[in-house]
Amino acid sequence: MTIRFPEATLSRLQATAHTYAGEVRSFSPVSRNFLVASSLGGINAGVSSVLLNLYILSLGNAEGYLGRLMSLGSLGAATGALIGAQIADKWSSWVALMLGTVVAGSGLLIVLVPGLDLFLPVGTFLGGLGAVTVYLAVPPFLASHSQPSNRPYLFGIAGASYVVSTATGSILGGFLPSIIRDASPGTPPSDIYRLALAFGVACSAVGVPFLWRARPTSSGSGGNDVRSSDQTNESRMAGIPIALDKVSWASVIRDPFVRLTLARFVVTDGLIRLGGNLIVPFFSVYFVRELGASEAWFGTLRVIERSIEVIAMLAIAPVAARFGPAATIALSQLASVPMLLGLGFAPSLGFASGIFLIRGTLMEMTVPLRDNFMMDCLPPGSRATVSAAVLLFGYAIAFLSVRVGGQMVQSGHRDYTYMIAGALYTISAMLFFRFFRDQSIEKARVA
């Protein structure tokens, strides 16, 4: 059967593609070099997301030790949240990008070098620190090297290319171990994972020269580079509240409304992170070691999950417009709880895989909606600071939760982690709707 799209739909798609092609041609050389570097780094991130935990366990470590290592990664990420944007503010977002990339790469190299097992905590800490420093520097960097007319397209292309590159890395991470096993029978599992992860590091390393070429120049690049006031106010120009703004924390927290709103988001977000970090970081271990999946199976599953999530993120907007963001967020989170429990008590790999895709989509599709709703709940001068505070509290909670989760899995109580996580998700959803129902209704009336 041949599927035919209506001519009007095809025309719109062609017009959209033509518009994007034109906007991409207008990107500055700095932006283009960044996109290449970011995509290569995304491949490394995708490979690591599938194999890094399995590699650490293959060295003879138990799940409890893995949990402690990941908690150090959260501590490094919290440190990056504290200092990353300050580096960007003081020395430029490009400097923060370079430093974060070098620090994260050094951390992963420390983890992979044979004979340096004692330095695994150091490498994990550096990896988290560098990754968040890069994460905080990206929006102001893109904003300062784009024109207002093509900035939305640049942010859209940057986000989409990173999703595609991490998906590509997940596929590679899933299939590389099998390829290495076939090419070199008898190779120890730790060396197989080490070689596969090294491929990801190599991809990221290839991107470093492109990132170097993305450095700002005093004369600009081909007339498209934005200098002047955009770069002096990088963090404010980004339009995405994930970087610390040059605002006194004390002055923001003095506002009773801001303080109450911050507390509500910290509680609801904290409960999700508390429950999620009991289980989510160990998904690869659960599928490969307990359900008998191959690395290729789990890598492919991650790619399918990301693809569905992107579509769901686009589809959730009209639902939120109809029912309000607070209700949409709370209901999608509540709907994920039965899926979570079904995953934890799955009778087979196939059943678990299907439930995994549904659960991930329900939880992730409202993340942009939740971030945007947070901004709508806050006055403009406090948005970046509150967002940074919620981020810091989240990493602090993850530092504890992932350690507990690893220890419970090691002790044979994995089932309890899923039940506890489900209870925490439920409480968080109910509190979120109770806290923010009025703001959601008011926003709908204004719209």
Side-chain angles (χ1 to χ4, degrees), residues 49 53 56-57 61-75 77-78 128 263-291 293 298 301 305 329-349 351-367 370 390-435:
S49 70
N53 289 347
I56 292 171
L57 293 181
N61 300 303
E63 288 85 352
Y65 180 74
L66 177 60
R68 292 192 293 274
L69 270 186
M70 286 190 286
S71 72
L72 289 174
S74 298
L75 181 61
R264 287 175 169 177
F265 274 108
V266 165
V267 169
T268 53
D269 182 75
L271 288 170
I272 294 175
R273 290 182 181 269
L274 187 62
N277 279 283
L278 291 174
I279 55 171
V280 175
F282 306 98
F283 276 159
S284 62
V285 177
Y286 175 48
F287 271 87
V288 174
R289 291 207 162 191
E290 296 192 40
L291 295 177
F298 185 71
L301 199 62
E305 179 194 29
I329 293 167
L331 288 174
S332 65
Q333 189 173 318
L334 282 174
S336 76
V337 173
M339 302 300 107
L340 178 70
L341 296 176
L343 177 61
F345 296 90
S348 66
L349 174 59
F351 182 85
S353 298
I355 294 295
F356 175 83
L357 296 175
I358 299 173
R359 188 218 72 89
T361 300
L362 288 170
M363 284 302 297
E364 296 298 325
M365 69 182 183
T366 57
V367 169
R370 187 185 184 99
V390 172
L391 188 69
L392 284 172
F393 277 109
Y395 284 129
I397 291 168
F399 174 79
L400 298 173
S401 182
V402 74
R403 297 170 75 97
V404 173
Q407 197 59 51
M408 290 183 70
V409 172
Q410 181 180 335
S411 303
H413 300 302
R414 179 187 54 77
D415 295 348
Y416 291 112
T417 64
Y418 282 81
M419 290 189 287
I420 294 171
L424 292 171
Y425 278 23
T426 301
I427 296 171
S428 173
M430 294 173 65
L431 288 177
F432 189 89
F433 184 71
R434 181 179 177 85
F435 287 159

Quick one: [atom1] on [X] to [atom2] on [Y], what's the gap to the nearest 0.5 Å?
X: F283; Y: R359; atom1: CZ; atom2: CZ; value: 4.5 Å
X: Q410; Y: F282; atom1: CD; atom2: CZ; value: 10.0 Å
X: N61; Y: R68; atom1: CG; atom2: CZ; value: 9.0 Å
X: R403; Y: L66; atom1: CZ; atom2: CG; value: 12.0 Å
X: L392; Y: I397; atom1: CG; atom2: CD1; value: 11.0 Å
X: D415; Y: M408; atom1: CG; atom2: CE; value: 9.5 Å

Exercise for the section: Check each of V404, I420, L400, L424 against L274 using the side chain to side chain contact (heavy atoms under 4.5 Å, CB included) test, and report the only one that passes. Expected result: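 Option passing the side chain to side chain contact (heavy atoms under 4.5 Å, CB included) with L274: L424.
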Exercise for the section: Determine the sole option in N53, V409, I56 for which the side chain to side chain contact (heavy atoms under 4.5 Å, CB included) test with V285 is passed. Expected result: N53
Exercise for the section: Report the C-alpha separation of Q333 and F432 in whole Å, then their side-chain angles, then the decisive distance to 0.1 Å, and conclude whether the side chain to side chain contact (heavy atoms under 4.5 Å, CB included) test is met. Expected result: CA-CA 10 Å; Q333 189 173 318; F432 189 89; 5.8 Å; no
Judged by atom type as modelled, is there a donor-acceptor pair below 3.5 Å linking the side chain of [X] to the main-chain atoms of [Y]?
X: R264; Y: F435; answer: yes
X: N277; Y: R273; answer: yes
X: S411; Y: Q407; answer: yes
X: S428; Y: T268; answer: yes

Problem - S332 side chain to R370 side chain, donor-acceptor N/O pair below 3.5 angstrom - result: no
Practice task
If the plane angle is over 60° it's perpendicular, under 30° parallel, otherwise tilted; pick one for Y286 and Y418.
Solution key: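 Rings of Y286 and Y418: tilted, 30 to 60°.
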Problem - Counterpart residues, side-chain hydrogen bond (donor to acceptor under 3.5 Å, both in side chains), relative to E364 (two or more places apart) - result: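 Expected list: none.
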Please report the shortest heavy-atom distance between [X] and [Y], naming the atom on each side.
X: P347; Y: F351; answer: CD-CD2, 3.4 Å
X: S74; Y: A398; answer: OG-CB, 3.5 Å
X: G342; Y: I355; answer: C-CG2, 4.1 Å
X: L340; Y: G422; answer: CD2-N, 3.5 Å
X: S284; Y: F298; answer: CB-CE2, 3.5 Å
X: A421; Y: I279; answer: CB-CD1, 4.1 Å

Handout entry: Worked check of side chain to side chain contact (heavy atoms under 4.5 Å, CB included) between F287 and L343
Key = CA-CA 10 Å; F287 271 87; L343 177 61; 3.9 Å; yes
Handout entry: Pairing of R414 and E63 as salt bridge, 4.0 angstrom limit
Key = no
Practice task
Flag the pair F433 / L331 as yes when at least one side-chain heavy-atom distance between them is below 4.5 Å, and no otherwise.
Solution key: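 No, their side chains stay 4.5 Å or more apart.
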Tell me, yes or no, whether the heavy-atom count around [X] atom [atom1], taken from other residues, nucleotides or ligands under 6.0 Å, exceeds 12.
X: F345; atom1: CZ; answer: yes
X: Y425; atom1: OH; answer: yes
X: M419; atom1: CE; answer: yes

